**Student:** 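Below: one structure in structure tokens.
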Amino acid sequence: MKGYFQVKTEDSGNIIDSLHPLELKILFVFQAGKTVDDNVLVTEASIEQSQKDMAIGWLLAKDVLSVDSEVVEKTVTLTETGERYADSKIPELRIFQSIKDNPGYSMADVKGRGDIEPTEISSAIGILKDKGIIRVVPGGKLEIGDESLLSEFEGVQRLVNAVKDKAEIRLSDLPENEQTVIEGLHRKRGKTKGVFRINEKVIRTYSLTELGGKIHPAVLQRGRPVDEISQLTPQMLKDGSWGGKSFRKYNITLPPPRITPGRKHPYKEFLDNVKYKLVAMGFEEMRGGLVENEFWNMDALYMPQFHPARDIHDVYYVKEPRLSKDIEDPFQVKVSETHQSGGETGSRGWKYLFDADKARRLMLRSQGTAVSARTLAGNPKIPGKYFSIARCFRYEQVDATHAQDFFQIEGIVLGEDINFRTLLGLLELFALEVAKAKEMEFFPAYFPFTEPSVELHVRHPRLGWMELGGAGIFRPEVTIPLGVNVPVIAWGLGLDRMAMVALDIHDIRDIFSADLDMIRTKRVQWV
Amino acid sequence: MPTISIKKKDLETLIGLQFSLNDLERHLQLVKGELKGYVAETDEMRVELSDSNRPDLWCCEGIARQIKGKLTGAWKDYEFFYSDGTNKIGQIVVSEDIRDIRPYVGGFAATGIPVDEEMLVQMIQTQEKISEVFGSKRRRISIGIYNLAKIKFPVYYKAVRPEDISFAPLGFDEKMNLQDIVERHPKGETYGEILRGMAKYPILIDSKDNVLSFPPIINSREVGEVKVGDTELFVEVTGIDIRLVLLILNVLAVNLHDRGANINIAEVLYPYETEFGKTICIPNDFTEPLPLPLKDIDKVIGEGIDIEEVITLLDSYGHWVKRAGDELQVTPPPYRDDIMHPVDLCEDIAISRGYSSFNPVMPSQMTVGVLSDAEVFADQIREYIIGSGFQEIISNILTSKEDVLYKMGLEQEKVVEVDNIMSQSYSALRQWLIPSLLRVETASSESFYPHKIFEMGEAAVSDETSNLASRTVIKCAAMMSHPAANFSEIHSILETLMYYLQMDYRLVPGEHPSFIGGRMGWIYTGKDVVGLIGEVHPKALTAWEIHMPCSAFEVDVDKLLEIYQANP
């Protein structure tokens, strides 16, 4: 409804389109420069009083009509008693008729009849007697007196019937004598109830406004609306009454009401797309825990225990308990040997004393590669391709580019055919499929657990040159202690920049925003 | 990893060539470096170095050395590594009592070059980056540089009681004992932690009882201050790992030599055995040759590279290569200790040839892509709840006890807490998700009502019986919020969800401080509690500063899946 009144007044075409059939019916009654009052409207427009009131209200609000004048008008309607008299005549006439038709008709006969109320009987008999139209003779019998005087009551009856016919008559339309009769009978007369009701109402006179005058010719030109359907109903369909009728035209350019649909979170939608894409490329999903020990998060990845990134200023440690119960056999022994001396891997190792307690230290997972490490140790498929979208935590000051927790998208590829060139081939696939980039460049990179290591830069169709991900071939010091004897690619995709551009956000904290309005209204372009 | 500032001119002088910025950017690939910025007015380049095992590259000299070697083939011989002892500057004598404190030391002298402004700046930057990042904030190694002229050899490295020795440290005029320095000197406050609990502290002192420094805290003001114009330096490294001590001394020696200094060796005399014996000459080439079979290169790279080309590529990258049939013996330069396995040499070969010279090959073996059952099941539930008109939310998992316990009226429940807290707001992992939804409601009172939101995500549930003392569980919570939000409408959502999952459930009335009494229930399937539902208690809403009724439910999706799969 709100939009309905938002129509701009200068747009007359719009107004005509928006007019309800009732409004059109009313406008048809008007002529340029002439006024029309309420009474004329009801009769000429052939609509009901209540419909007229509603439609007039709309037209006034739209500034199509204006009110010229108001007068108070009296009208006459029948009371319940009057309605009864219209159906079966007034008591005076009925009693007179009975006397005339039944010689010897007595007072007792009159009082015994059940079709007239006792109070009406005594009142009617009294009047008829007073006027001398009937007489009471000894023995209680009733006789006709001066019959000519009865015409007064016949006049009342005609008036009752006339009001009944029209339902409502303007008092001023009646001759003065009839007005007197009505005024006499509208009050309570003795104990009887009134016959007529006199109503006072405001009659307004309307004329077309300037805007009304402007649109009026077009309204006339369109022709009188005949039974337009506004809402198609089940009943119309059942009985076919819609047939042959036209449907009211809507102003379909109005804004619709707002709804709030059920919807994926836009960033989750992005991650879903990535996940389906990876599955389509033959990757199997792997999952891991939010809490890890240092062994799986770092030791198993051949990050030495003195590595600069293994510090209270880099990762979050768990308060209590501090240590995991144990480290799965045989990995603890094999990994610690590898760190110390290379173990069975052909490496000379890091050459330091491995601390088994430090390996058990509980922490919040700081890299998705921890999930890969556990997959390697869990008898993976060969050839095999795996991915995870893992929530990770870093000890970093939270700001526009650093969040306290974030998603890492990464995985592994195992197979006899894995080498530096197939590593580049996989990255090329990511560039083409994930970033739709045809231009790419490979840079030497460093990750503690891969050698060789590569950084992938791509020319994104919209974002220009950007770093898309990092990858490498797991060092033998990682794979062999975990029981894997084929080369393994480890890869990670950095898609947050793409996501943030698609989401039009400039602060990484907004990815997990609590602002419902922002989440609801965010629009994204993924392809 | 470190970002350093260098002057482009200085780099070009050291290389002996001039470059456009674009060319330099490309050459930086040789050192895994990225140009982060260049200011023309000051000629200053900011370069980020990513290889944490190559501290030799974290300085202008190292970058220049790698690029120059590749472009010109000219590598210096660094003959001082193989000195016959004629240029020995003196001895460093180590005491037995330092063994359990900070057991290793080494030093050398650099002579015959006036220290200029840029050299001093670079020297200090290198010292800082290496001891901070590579040296784990001076714990593993620390570096001291001195005016050689003020030192009388032999120099003694020993342990002393903190009160027994006093000297004026850099930055102070007064003499302070070692305890004072740890407590009052800014460097003592920063690095004193390294010596905590030790009865004695390390000291370097010369034959005239002049203190050189109090490693790893601070140099003496008298001996340990290097100025522009000095021509003779003494460089010393102490630490807890002898390989690192030797490596960093080698890096510093070649850096100074690259700037034209003569390097004079020093001899360290240990009373105890070390990996390299009791008497060690510094600088010391401790690297060993590594066999590199040609077939290993083929396997790692994925294409056969001619042996002559391999030799050239390694040679121009700084290695010393000897050929024996189809096997190569490769000795890394003495300033590198990162070659642990033949794969490390394979990467050097690839970098030396340039990554762009290799053609990518698509991995060809067939694999099947598949999501985990948990993910498929979770997505199924997400679809149903979204279809019921709910907006999905994602929240941080690292939050606080305030949010997941106290605001919810909970006290006793155990959650996974962070030990090294940076901010109380990020100090505990959530164990349930309804607080995450209330967080959204708190921030969204201006957003068009009704609010129907849900989240599917992970939480960490404490579990003393599990190896990691907690389990990661996928949970799903849904919440409605509007002026007439009530139990029955959120129950309808749960009912609909469980209908489509084909799971029978029943609600058992219960008590929970987060919910209004008599309007809360536990969700059961069979004998298992799988979740809870209720109207959120006004106390909880007030704690969250929410002025709108909320009703919510939460289910354990992993548990639902377990039951779902057990009942086909």
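What you see is a predicted model; the values in this text were computed from it and never measured. Chain letters run A, B, ... following the sequence lines, proteins first and then strands; every chain starts at 1.
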**Student:** Give, as side chain, backbone, both or neither, the part of B:A460 having an atom under 4.5 angstrom from any heavy atom of chain A.
**Tutor:** both
**Student:** Using heavy-atom distances under 4.5 Å, tell me whether A:Q397 contacts chain B through its side chain, its backbone, both, or neither.
**Tutor:**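 Both backbone and side chain.
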**Student:** In terms of the angle between their ring planes, are A:H457 and A:F443 parallel, tilted or perpendicular, with boundaries placed at 30° and 60°?
**Tutor:** perpendicular
**Student:** If I measure from the heavy atoms of chain B, does A:P476 come under 4.5 Å with its side chain, its backbone, both, or neither?
**Tutor:**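 Interface part for A:P476: side chain.
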**Student:** Going by the rule ring-ring contact (aromatic ring centres under 6.0 Å, His included), which residues pair with A:F387 if we only count those two or more places apart in sequence or in a different chain?
**Tutor:**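 Listed in chain order: nothing, the list is empty.
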**Student:** Measure distances from A:Y386 to the heavy atoms of chain B and classify the residue's part below 4.5 Å as side chain, backbone, both or neither.
**Tutor:** neither
**Student:** Would you call A:R348-B:D337 a salt bridge at under 4.0 Å N-O?
**Tutor:**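 A salt bridge links A:R348 with B:D337.
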**Student:** Relative to chain B, which segment of A:R310 carries a heavy atom at a distance below 4.5 Å: side chain, backbone, both, or neither?
**Tutor:**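 No part of A:R310 comes within 4.5 Å of chain B.
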**Student:** Please check if any side-chain donor atom of A:W296 sits under 3.5 Å from a side-chain acceptor atom of A:E328, or the reverse.
**Tutor:**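 Yes, a side-chain donor-acceptor pair sits under 3.5 Å.
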**Student:** Using a strict cut-off of less than 4.0 Å between a Lys/Arg side-chain nitrogen and an Asp/Glu carboxylate oxygen, indicate whether B:E392 and B:R382 qualify as a salt bridge.
**Tutor:** yes
**Student:** Can you tell me which portion of B:I240 sits under 4.5 Å from chain A's heavy atoms? Options are side chain, backbone, both or neither.
**Tutor:**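 Neither part.
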**Student:** For B:S470, is it the side chain, the backbone, both, or neither that has a heavy atom closer than 4.5 Å to a heavy atom of chain A?
**Tutor:** side chain
**Student:** Scan side-chain atoms only and decide if B:S52 and A:Y446 contain a donor-acceptor pair under the 3.5 Å cut-off.
**Tutor:** yes
**Student:** Chain A heavy atoms under 4.5 Å from B:P342: which part of the residue, side chain, backbone, both or neither?
**Tutor:** side chain
**Student:** Could you look at A:P261 and say if it's the side chain, the backbone, both or neither that has a heavy atom under 4.5 Å from chain B?
**Tutor:** backbone
**Student:** For A:S453, is it the side chain, the backbone, both or neither that has a heavy atom under 4.5 Å from a heavy atom of chain B?
**Tutor:** both
**Student:** Less than 4.5 Å to any heavy atom of chain B: does that hold for the side chain of A:Y302, its backbone, both, or neither?
**Tutor:**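 Interface part for A:Y302: side chain.
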**Student:** Among A:Y352, A:Y276, A:F420, who wins on heavy-atom pairs under 4.5 Å with chain B?
**Tutor:** A:F420
**Student:** Measuring heavy-atom distances to chain A, does B:R243 have an atom under 4.5 Å in its side chain, in its backbone, in both, or in neither?
**Tutor:** side chain
**Student:** What part of A:L290 lies closer than 4.5 angstrom to a heavy atom of chain B: side chain, backbone, both or neither?
**Tutor:** both
**Student:** Side chains of A:D326 and A:R360: closer than 4.5 Å at any heavy-atom pair?
**Tutor:** no
**Student:** Which bit of A:E428 comes within less than 4.5 Å of chain B, counting heavy atoms only: side chain, backbone, both or neither?
**Tutor:**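 For A:E428, the side chain is the part near chain B, not the backbone.
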**Student:** Is chain A contacted by the side chain of B:E288, its backbone, both, or neither, given a heavy-atom distance below 4.5 Å?
**Tutor:** neither
**Student:** Can you say whether A:R263 sits under 4.5 Å from chain B via the side chain, the backbone, both, or neither, judging by heavy atoms?
**Tutor:**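 Answer is both: backbone and side chain atoms of A:R263 are under 4.5 Å from chain B.
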**Student:** Below 4.5 Å from any heavy atom of chain B, which atoms of A:E292 appear? Answer side chain, backbone, both or neither.
**Tutor:** both
**Student:** Chain B heavy atoms under 4.5 Å from A:I473: which part of the residue, side chain, backbone, both or neither?
**Tutor:**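 Only the side chain of A:I473 comes within 4.5 Å of chain B.
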**Student:** By a 4.5 Å heavy-atom criterion (distance strictly below it), what part of A:V315 contacts chain B: side chain, backbone, both, or neither?
**Tutor:** backbone
**Student:** Less than 4.5 Å to any heavy atom of chain A: does that hold for the side chain of B:E383, its backbone, both, or neither?
**Tutor:**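 Answer is side chain: those atoms of B:E383 sit under 4.5 Å from chain A.
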**Student:** Measuring heavy-atom distances to chain B, does A:F393 have an atom under 4.5 Å in its side chain, in its backbone, in both, or in neither?
**Tutor:**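 A:F393 touches chain B through side-chain heavy atoms alone.
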**Student:** Measure centre to centre between the rings of A:F512 and A:F406, then say whether the value is under 6.0 Å.
**Tutor:**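 No - the distance between ring centres of A:F512 and A:F406 does not fall below the 6.0 Å cut-off.
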**Student:** Give, as side chain, backbone, both or neither, the part of B:R439 having an atom under 4.5 angstrom from any heavy atom of chain A.
**Tutor:** both
**Student:** Taking the side chain as every heavy atom from C-beta outward, state whether B:M479 and B:F454 have any pair of such atoms under 4.5 Å apart.
**Tutor:**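 Side-chain contact under 4.5 Å: no.
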**Student:** Check each atom of B:L429 against the heavy atoms of chain A and say whether the ones under 4.5 Å are side chain, backbone, both or neither.
**Tutor:** side chain
**Student:** Non-hydrogen atoms of chain A under 4.5 Å away: do they reach the side chain of B:A459, the backbone, both or neither?
**Tutor:** backbone
**Student:** Checking B:I453 against chain A: side chain, backbone, both or neither under 4.5 Å from a heavy atom?
**Tutor:**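 Only the side chain of B:I453 comes within 4.5 Å of chain A.
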